[in-house]
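Data first, discussion second: the structure below is written as structure tokens.
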Amino acid sequence: MPTAGSRTRAGTAARVQLVISRSLPFLVVLLTALADLLTPEEERFDRLLVAAPPLAAVTWGVRGTIGIGLLAIAVRVLLGFDRGDSPLSGSFESETVLALVTAASAWASRVRTRREQELRELTAVAEVVQRVVLRPLPHRLGRFELHLLYVAAAAKARIGGDFYEAARIPGAVRVMLGDVQGKGLGAVETASVLLGAFRASVHDAPDLAALADRLDEGLARHDPRDPRSDATERFATVVLVELPDDRDVARFLSLGHPTPLLQHGSEVRTVRFAAPSLPVNLTGLADSRHRTEEVPFGPGDRMLLYTDGVSETRDRDGAFYPLEARMREWSGEPAPEFLARLHRDLAAHGAGGLDDDVAALLVVRPPDDS
């Protein structure tokens with residue numbers, strides 16, 4: 001997920017932008033009045049006051065918009081007096097136009113505020129649903145620390161086609177990280193089905209191979225209510241990890257997923273899969289059994305699970321992101337700072353920023369844990 005620092009910077013920028021936007025109508029009134037007062041009488045700028053109410057409607061409520069419109073009308077009348085216009089003999093055409101524009105702007109402001117309220121309500125509901133589908137990971141499970149970077153590619157979305165979950169089971173911790181083919185709501189639906197299958201099976205599946213089979217079965221049994229849904233037609237790459245309590249090892253099973261990275265001190269290496277399985281929803285095309293790899297994972301070691309949104313980010317020259325080199329370079333960084341640097345570096349490396357879902361899960365075995 002985006003770091004606290006990035007969220008703070010984004011919030012500060014949004015507040016500054018709001019202050020500037022709300023100040024624009026007053027700036028228009030002020031500059032118009034000054035221009036009208038400081039130029040010869042034949043030069044008239046007061047007609048520019050008509051821009052103030054529409055600008056107010058963009059960020060102000062109905063009352064604020066009407067107030068700014070009345071201010072513009074009052075300034076127009078005062079400027080007319082300054083130039084010798086008589087209210088009894090002069091025309092009120094400009095004031096009438098300003099009043100009509102103010103009324104129209106107030107109506108537009110009311111429509112905008114209603115839609116913003118509806119959007120806030122929908123966003124609140126969506127956030128609750130998203131927290132249920134893709135729950136925050138605990139900071140620690142058993143003797144292992146979990147640190148997550150998750151960024152959805154869709155604007156304003158918090159869930160994409162990348163998914164993750166971890167669970168404490170008797171005698172071990174099990175972790176899943178996956179990536180659904182494609183983007184959009186279909187990918188999110190597929191991810192939610194696989195998450196549900198993992199949560200339903202993680203505690204009683206005897207091993208990772210059985211758990212992988214149940215992910216396939218869960219997606220095969222899914223009955224989408226919407227006939228337009230293509231969730232059951234998509235495939236997903238998944239990596240499953242089991243970390244037993246009684247041994248300093250990690251067990252991996254890859255369903256077509258990018259290979260995890262292991263760090264021991266300053267040494268970084270990839271996990272070698274002799275026979276990786278096909279992705280979920282494609283495993284029925286092969287007759288081979290799932291094969292689990294077991295590697296040492298002791299105190300002080302770290303592993304990085306990630307999706308192709310990390311490893312396949314390209315720069316302007318088409319070069320892939322050098323993830324293994326970065327992990328080696330930042331091997332001494334604390335886990336939260338490592339992921340924060342990874343997020344910034346990925347965004348800087350990508351030719352168009354981050355245009356795919358990004359998930360990276362750093363699992364840490366603390367050095368004082370034996």
Side-chain angles (χ1 to χ4, degrees), residues 1-39 43-80 82 92-131 150-160 340 343-344 347-348 350 352-355 358:
M1 295 181 178
T3 62
S6 64
R7 290 194 296 267
T8 301
R9 288 191 294 272
T12 301
R15 287 191 293 273
V16 170
Q17 184 178 5
L18 178 61
V19 170
I20 293 173
S21 299
R22 291 173 70 89
S23 302
L24 280 178
F26 297 103
L27 188 61
V28 167
V29 172
L30 177 61
L31 293 179
T32 299
L34 290 175
D36 204 78
L37 290 171
L38 298 176
T39 55
E43 298 289 338
R44 301 296 297 267
F45 291 91
D46 54 355
R47 62 178 63 90
L48 298 179
L49 291 168
V50 76
L55 286 173
V58 175
T59 53
W60 287 85
V62 175
R63 293 182 179 179
T65 301
I66 292 175
I68 291 172
L70 293 176
L71 174 64
I73 293 172
V75 170
R76 168 63 187 88
V77 172
L78 292 174
L79 290 175
D82 183 71
F92 288 94
E93 180 180 348
S94 297
E95 288 81 358
T96 302
V97 170
L98 267 171
L100 292 175
V101 170
T102 298
S105 300
W107 175 80
S109 175
R110 181 174 179 81
V111 172
R112 174 186 60 78
T113 52
R114 280 184 174 178
R115 289 181 177 175
E116 288 178 350
Q117 178 62 31
E118 292 174 357
L119 180 60
R120 282 193 294 269
E121 293 173 355
L122 289 174
T123 301
V125 172
E127 287 179 350
V128 172
V129 173
Q130 288 170 346
R131 284 196 296 270
Y150 188 94
V151 182
K156 305 299 183 183
R158 299 194 179 185
I159 294 181
H343 187 194
R344 294 193 298 268
L354 297 179
D355 58 358
V358 166

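The first residue in the sequence is number 1, and the count goes up from there.
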Closest non-hydrogen atom pair, Ala56 against Ile68: CB-CD1, 3.5 Å
For a 4.5 angstrom cut-off between non-hydrogen side-chain atoms, does Leu70 reach Thr102? no
Got a second to check how far Leu37's CG is from Leu78's CG, nearest 0.5 Å? 9.5 Å
Drop me the distance from Asp36's CG to Leu79's CG, to the nearest 0.5 angstrom. 4.5 Å
All heavy atoms of Thr65 vs all of Pro53, minimum pair found to be CG2-O, 3.8 Å
Please list, chain by chain and in numerical order, all residues satisfying side-chain contact (heavy atoms from CB on, under 4.5 Å) with Val58, sequence neighbours excluded. none
Option among Ser23, Pro25, Ser21 that satisfies the side chain to side chain contact (heavy atoms under 4.5 Å, CB included) test with Thr59: Ser21
For the side chain of Thr32 and the backbone of Val29, is there at least one donor-acceptor N/O pair under 3.5 Å apart? no
Can you run down the ring-ring contact (aromatic ring centres under 6.0 Å, His included) pairs that involve residues 46-78, sequence neighbours left out, and say none if there aren't any? Phe26-Trp60
Between the OG1 atom in Thr113 and the CD atom in Glu118, the distance rounded to the nearest 0.5 Å is 10.0 Å
Close side-chain approach of Val75 and Leu49, heavy atoms under 4.5 Å: yes
Would you say the side chains of Gln117 and Arg114 form a donor-acceptor pair under 3.5 Å? no
Side-chain donor or acceptor of Ser109 paired with backbone N/O of Ser105 under 3.5 Å: no
Nearest heavy-atom approach of Ala106 to Ile66 is CB-CG1, 3.8 Å
